[in-house]
Amino acid sequence: MTIAQMTSLDAKMTSELLPFNGLISALRDAFAEGCEVPVRHHHTIANDGEPDATVLLMPAWHSAARISRYLGVKIVTVFPGNASRGMPGLTSTYMLYDGRTGRQLATLDGGTITARRTVAASALAADLLARKDSRRLLVVGAGKVGSLIPDAFCAVRPIEHIDVWDIDAANSKRLVDDLHGRGMNANVVDKLQASVEAADIVSAATLSTTPILKGAWLQPGTHVDLIGSFTPKMREVDDEAVMRSTLFVDTAEALHESGDLVQPIQSGVCTEASVRATLAEMCRQSHSLRTSAGQITLYKAVGAGFGKVRTGFPVISGHRFQ
């Protein structure tokens, strides 16, 4: 099959062509190499009789020094009025171009590529920070992003047991049933404290505005991955978790966008200097970032254009452009 026959990739095809092993490897290279990421464009669209709509344009591209280079643009539309129509309020599309000629190469489902890239970046951070013998994973939040966490983390660590907690137990059961169907050892949990205390890796992808993970629950050697909390008013961990952990972020924007860092910095619990490294800096390190088996590490992600242009490469790799 040539790329001409699959220029437009729906959610299913995009997912199938982005296996986590290849995606994590591509992201490692992308974060180490870097790319051009301008500030995203944000425009308000007036809608008579309805809430204003929004369009977001997020471009990223390889520098001219790169022999083989790509340009990617994610376009997101947010139309709150669609709720009354029974339609999704958010639509996302990713456009991939040849970075040298500007020729369009592919259109990918934006929601799928964003979710998989988000979780793959967290798994990459876990590969750099979590203990090599980490075998027990706790997933906190079993929504669209959270449901991808088990597969991504199993790609970097020998996970033998997965606990799933969600504020809606039906979501937890749905994910656990799916994992069971694929031969994975998983369990729905309702006692979050006990599950955190037993976990080697805790990965949270929630919309919580108050801390649901307590620092007192964290055992020596735990790796904490925080995917939710993408506004200053959102939080997934308390101040003690921040105080007890060695801190890492995907990009410096996390210091200003996530309540898990904004609020502790404002209250004096930590400072911006408390963050040891960004994911790009981590990927460029030649030595281990974990200093001891008992060290508690915490990685906070808010998302970034870094890696998105490279994320499309596994999708198009091996196909012939016409």
Side-chain angles (χ1 to χ4, degrees), residues 11 14-16 18-28 111-131 134-190 192 195-196 198-208 212-213 217-218 222-230 234 236-237 241 248-250 254 258 260 279 297-303 307 311:
T14 300
S15 178
E16 290 174 350
L18 286 173
F20 281 116
N21 282 328
L23 182 52
I24 292 167
S25 176
L27 285 175
R28 187 188 299 267
T112 299
I113 198 172
T114 298
R116 294 187 75 83
R117 178 261 178 216
T118 297
V119 175
S122 280
L124 171 58
D127 194 29
L128 298 168
L129 297 172
R131 298 191 333 269
S134 296
R135 289 180 168 81
R136 193 176 188 102
L137 169 68
L138 168 61
V139 177
V140 180
K144 179 178 180 180
V145 173
S147 65
L148 299 175
I149 290 172
D151 287 320
F153 280 69
C154 284
V156 299
R157 285 296 181 270
I159 303 299
E160 296 176 350
H161 185 91
I162 302 165
D163 282 338
V164 179
W165 181 94
D166 192 281
I167 194 169
D168 184 344
N171 288 338
S172 297
K173 185 178 186 305
R174 190 177 303 113
L175 175 54
V176 167
D177 287 346
D178 175 68
L179 296 174
H180 284 167
R182 294 188 286 121
M184 302 173 77
N185 183 17
N187 186 51
V188 174
V189 296
D190 56 9
L192 189 55
S195 298
V196 172
D200 298 311
I201 299 174
V202 178
S203 181
T206 74
L207 299 177
S208 179
I212 53 177
L213 300 173
W217 301 346
L218 300 175
T222 303
H223 173 65
V224 181
D225 168 58
L226 303 179
I227 297 175
S229 178
F230 49 84
M234 300 171 73
E236 294 184 305
V237 298
F248 300 86
V249 296
D250 59 346
S258 170
D260 281 316
L279 186 52
T297 53
L298 187 153
Y299 170 76
K300 176 64 208 134
V302 292
T311 300

Atom pair [atom1]/[atom2] of [X] and [Y] - distance to nearest 0.5 Å:
| X | Y | atom1 | atom2 | answer |
| --- | --- | --- | --- | --- |
| Arg117 | Leu18 | CZ | CG | 12.5 Å |
| Phe20 | Ile149 | CZ | CD1 | 9.5 Å |
| Asp250 | Leu27 | CG | CG | 11.5 Å |
| Leu23 | Arg116 | CG | CZ | 7.0 Å |
| Ile24 | Ser122 | CD1 | OG | 10.0 Å |
| Glu160 | Ser134 | CD | OG | 11.0 Å |

Heavy atoms only: give me the nearest [X]-[Y] pair and the separation to one decimal.
| X | Y | answer |
| --- | --- | --- |
| Lys300 | Ser258 | CE-OG, 2.9 Å |
| Leu298 | Ala241 | CD1-O, 4.3 Å |
| Leu137 | Ser203 | CD1-CB, 4.4 Å |
| Val145 | Ala115 | CG2-CB, 4.3 Å |
| Thr112 | Ser15 | CG2-N, 3.7 Å |
| Pro150 | Ile162 | CB-CD1, 3.7 Å |

With distance as the sole test, does [X] use its side chain to make a donor-acceptor pair with the main-chain N or O of [Y] at under 3.5 Å?
| X | Y | result |
| --- | --- | --- |
| Asn171 | Gly143 | no |
| Ser229 | Met234 | yes |
| Arg157 | Asp127 | yes |
| Ser25 | Gly22 | no |
| Ser172 | Asp166 | yes |
| His180 | Ala186 | yes |
| Thr118 | Thr114 | yes |
| Glu236 | Leu226 | no |

Arg174 vs Asp178, test: salt bridge (charged side-chain N to carboxylate O under 4.0 Å, His left out). Steps then yes/no. CA-CA 6 Å; Arg174 190 177 303 113; Asp178 175 68; over 6 Å; no
Let me see the working for Tyr299 and Leu279 under side-chain contact (heavy atoms from CB on, under 4.5 Å), right down to the final yes or no. CA-CA 9 Å; Tyr299 170 76; Leu279 186 52; 3.5 Å; yes
Are any non-hydrogen side-chain atoms of Trp217 and Leu192 less than 4.5 angstrom apart? yes
Are any non-hydrogen side-chain atoms of Val176 and Asn187 less than 4.5 angstrom apart? no
Go through it in stages, so that I can follow the logic: the residues are Leu124 and Val156, the test is side-chain contact (heavy atoms from CB on, under 4.5 Å), and I'd like the CA-CA distance, side-chain angles, deciding distance and then a yes or no. CA-CA 8 Å; Leu124 171 58; Val156 299; over 6 Å; no
Using the rule given for side-chain contact (heavy atoms from CB on, under 4.5 Å), can you reason through Ile159 versus Asn185, listing the C-alpha separation, both sets of side-chain angles and the distance that settles it, and then say yes or no? CA-CA 9 Å; Ile159 303 299; Asn185 183 17; over 6 Å; no
From CA spacing to verdict: side-chain contact (heavy atoms from CB on, under 4.5 Å), Asp225, Phe153: CA-CA 11 Å; Asp225 168 58; Phe153 280 69; 3.6 Å; yes
Among Arg131, His223, Arg135, side chain to side chain donor-acceptor pair (under 3.5 Å) partner for Asp200: Arg131
Is any side-chain N of the basic residue among Arg136 and Asp163 closer than 4.0 Å to the acidic one's carboxylate O? yes
